[in-house]
Amino acid sequence: MLRVNIGCPIWTHDAWFSSIYPPKSSNRTALQSYSGLFNSVECNSSFYHLPNQDTLKKWRDSVPDDFRFVLKLPRSISHSGQLDACTDELKHTIDNLSLLGETLGGVMLQLPKQFTPSHINQLEVLLDTIPTDLPMSVEVRQSAFFQKGEHEKLLNQLLLSHKADRVIMDTRALFACEPSQYTGDERELVIDVQRKKPRVPTNVIATGDTPVVRFVGHQQIDKCASFYRPWINKIKHWLDEGKSPSIFFHMPDNKDAPWLAAAFIHDYNLTYPDAPLPALVLSASQNSHQQISIFDSLSP
């Protein structure tokens, strides 16, 4: 069944408790609360540490059947420098992740900037290991893959041949944020996030049936709309083509990410009222810059 996966890169933040989540004293876990709001999550924690089998079973049992985890493959694979030597580790990883059952929505390979066109054959060996029924997406950060030349064409053709999607990293809103507009810890936060996130072109392409967009917002939600509005039409276009896209919303401080997602959904549903996404209704506890009126200012 066609669907749009929408979520954040985390499912717990201290600021969310007693706000969009029940208090921490509640018997409801953070993942249970999150999955009551979103239908998917970009699981970044697996990049640093792969959950054990008991944890994966607990995750599976904590979410509805239609929830989807999109997990990053461990950096021991993606940043090994020898992708073609990691096939056994990859098979073991996927075997463990299969404990998530139908809630496993896909895996993401986030490659470092050091992965260059000279390593493309290693990626091909790794992709040959991925089960054909497991959605796979690949993120590259080397500038040679963004220049519309032979190197980018070769990468895209490889992904197309394996029905793997190329992750689309959209950091335009983040880098439109001027750190000098802020002071103290907030200024340092923006500088730090801009230093860590890749500033690469936003090349829009679907090389598989489950395109993935990672959208990193401006520090102020009301300045994100001009950057995310093109994704409204693109996601609808992908759905009309029979694809099931994912879009995950990041913010400099991800405590504000749910409200950015809510603003996107609100505007999407205004644009396509006859084919709306499930509404995301959050409490009036907003980020430090915007109150609930953001929905008025963000409407087309």
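Note that the structure is predicted; figures quoted are calculated from it, not measured.
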Is the number of heavy atoms from other residues, nucleotides or ligands within 6.0 Å of [atom1] ([X]) greater than 12?
{"X": "Asp128", "atom1": "CG", "result": "yes"}
{"X": "Gln82", "atom1": "CD", "result": "no"}
{"X": "Lys163", "atom1": "NZ", "result": "no"}
{"X": "Asp240", "atom1": "CG", "result": "yes"}

Side chain to side chain, [X] and [Y], heavy atoms closer than 4.5 Å:
{"X": "Ile6", "Y": "Ile265", "value": "yes"}
{"X": "Val138", "Y": "Leu158", "value": "no"}
{"X": "Val140", "Y": "Gln142", "value": "no"}
{"X": "His13", "Y": "Ile10", "value": "yes"}
{"X": "Ser244", "Y": "Val4", "value": "no"}
{"X": "Glu139", "Y": "Ile168", "value": "no"}
{"X": "Cys8", "Y": "Glu42", "value": "no"}
{"X": "Glu124", "Y": "Ile120", "value": "no"}

How far apart are the C-alpha atoms of Gln147 and His151, what are their side-chain angles, what is the distance that settles it, and do they pass the side chain to side chain donor-acceptor pair (under 3.5 Å) test?
CA-CA 8 Å; Gln147 295 174 355; His151 296 314; over 6 Å; no
How long is the straight-line distance from [atom2] of [Y] back to [atom1] of [X], given to the nearest 0.5 Å?
{"X": "Asp256", "Y": "Cys224", "atom1": "CG", "atom2": "SG", "answer": "9.5 Å"}
{"X": "His250", "Y": "Phe215", "atom1": "NE2", "atom2": "CZ", "answer": "10.5 Å"}
{"X": "Lys197", "Y": "Phe175", "atom1": "NZ", "atom2": "CZ", "answer": "9.5 Å"}
{"X": "Phe249", "Y": "Met251", "atom1": "CZ", "atom2": "CE", "answer": "11.0 Å"}
{"X": "His266", "Y": "Leu277", "atom1": "NE2", "atom2": "CG", "answer": "12.5 Å"}
{"X": "Arg60", "Y": "Ser98", "atom1": "CZ", "atom2": "OG", "answer": "10.0 Å"}

With no hydrogens and no angle check, is any side-chain donor or acceptor of [X] less than 3.5 Å from a backbone partner on [Y]?
{"X": "Gln194", "Y": "Cys177", "value": "yes"}
{"X": "Thr171", "Y": "Leu174", "value": "no"}
{"X": "His162", "Y": "Ala164", "value": "no"}
{"X": "Arg68", "Y": "Asp65", "value": "yes"}
{"X": "Arg75", "Y": "Ser80", "value": "no"}
{"X": "Lys243", "Y": "Gly208", "value": "yes"}
{"X": "Asn254", "Y": "Ala257", "value": "no"}

Working note: Cys86 + Ile77, criterion side chain to side chain contact (heavy atoms under 4.5 Å, CB included); need CA distance, chi angles, decisive distance, verdict.
CA-CA 6 Å; Cys86 294; Ile77 296 175; 4.0 Å; yes
Is it true that [Y] and [X] share a donor-acceptor pair across their side chains at a distance under 3.5 Å?
{"X": "Arg166", "Y": "Asn156", "result": "yes"}
{"X": "Ser137", "Y": "Asp165", "result": "no"}
{"X": "Tyr268", "Y": "Asn233", "result": "no"}
{"X": "Glu152", "Y": "Asn203", "result": "yes"}
{"X": "Gln32", "Y": "Tyr21", "result": "no"}

Could you tell me which non-hydrogen atom of [X] sits nearest to which non-hydrogen atom of [Y], and how far apart they are?
{"X": "Pro23", "Y": "Phe17", "result": "C-CD2, 4.2 Å"}
{"X": "Val216", "Y": "Ala173", "result": "O-CB, 3.7 Å"}
{"X": "Ser19", "Y": "Ala15", "result": "CB-O, 3.5 Å"}
{"X": "Leu260", "Y": "Gly217", "result": "CD2-CA, 4.1 Å"}
{"X": "Pro51", "Y": "Trp59", "result": "CG-CH2, 3.3 Å"}
{"X": "Pro245", "Y": "Leu239", "result": "CD-CD2, 4.0 Å"}

Do the side chains of [X] and [Y] get close enough for a salt bridge, i.e. N-O under 4.0 angstrom?
{"X": "Asp61", "Y": "Lys58", "answer": "no"}
{"X": "Asp95", "Y": "Lys91", "answer": "no"}
{"X": "Lys24", "Y": "Asp14", "answer": "yes"}

Angle class for the Trp11/Tyr34 ring planes (parallel below 30°, perpendicular above 60°, tilted otherwise)?
tilted
Name the orientation class of the two ring planes belonging to Phe67 and Phe69 (parallel below 30°, tilted from 30 to 60°, perpendicular beyond 60°).
perpendicular
Pair His79 and Phe47, ring centroids less than 6.0 Å apart
yes
For this output row, return yes or no: ring centroids of Trp231 and Phe264 closer than 6.0 angstrom.
no
Are [X] and [Y] in one and the same hydrophobic cluster, where Ile, Leu, Val, Met, Phe, Trp and Tyr link if side-chain heavy atoms are under 4.5 Å apart?
{"X": "Ile205", "Y": "Val213", "result": "no"}
{"X": "Val212", "Y": "Phe145", "result": "no"}
{"X": "Leu134", "Y": "Leu99", "result": "yes"}
{"X": "Phe248", "Y": "Leu73", "result": "no"}

Check the pair His92, Glu89 against side chain to side chain contact (heavy atoms under 4.5 Å, CB included), reporting the backbone distance first and the verdict last.
CA-CA 5 Å; His92 176 70; Glu89 182 180 354; 5.6 Å; no
Test Asp267 against Tyr228 for side chain to side chain donor-acceptor pair (under 3.5 Å), laying out the working first.
CA-CA 10 Å; Asp267 283 2; Tyr228 73 57; 2.8 Å; yes
Kindly list each side-chain donor-acceptor pair under 3.5 angstrom involving residues 100-115, sequence neighbours excluded, with atom names and distances?
| unit_1 | atom_1 | unit_2 | atom_2 | d |
| --- | --- | --- | --- | --- |
| Thr103 | OG1 | Leu100 | O | 2.6 |
| Gln110 | OE1 | Lys72 | NZ | 2.6 |
| Gln110 | OE1 | Arg214 | NH1 | 3.4 |

Determine whether Ile235 and Ile247 satisfy the following criterion, side chain to side chain contact (heavy atoms under 4.5 Å, CB included), listing intermediate values before the conclusion.
CA-CA 9 Å; Ile235 291 225; Ile247 182 165; 3.8 Å; yes
Given side chain to side chain donor-acceptor pair (under 3.5 Å), test Asp84 with His119 step by step and report yes or no.
CA-CA 9 Å; Asp84 50 351; His119 301 111; over 6 Å; no
Decide side chain to side chain contact (heavy atoms under 4.5 Å, CB included) for Arg195 and Asp192; before the verdict, give the C-alpha distance in whole Å, the side-chain angles of both, and the deciding distance to 0.1 Å.
CA-CA 5 Å; Arg195 178 178 60 84; Asp192 183 57; 2.6 Å; yes
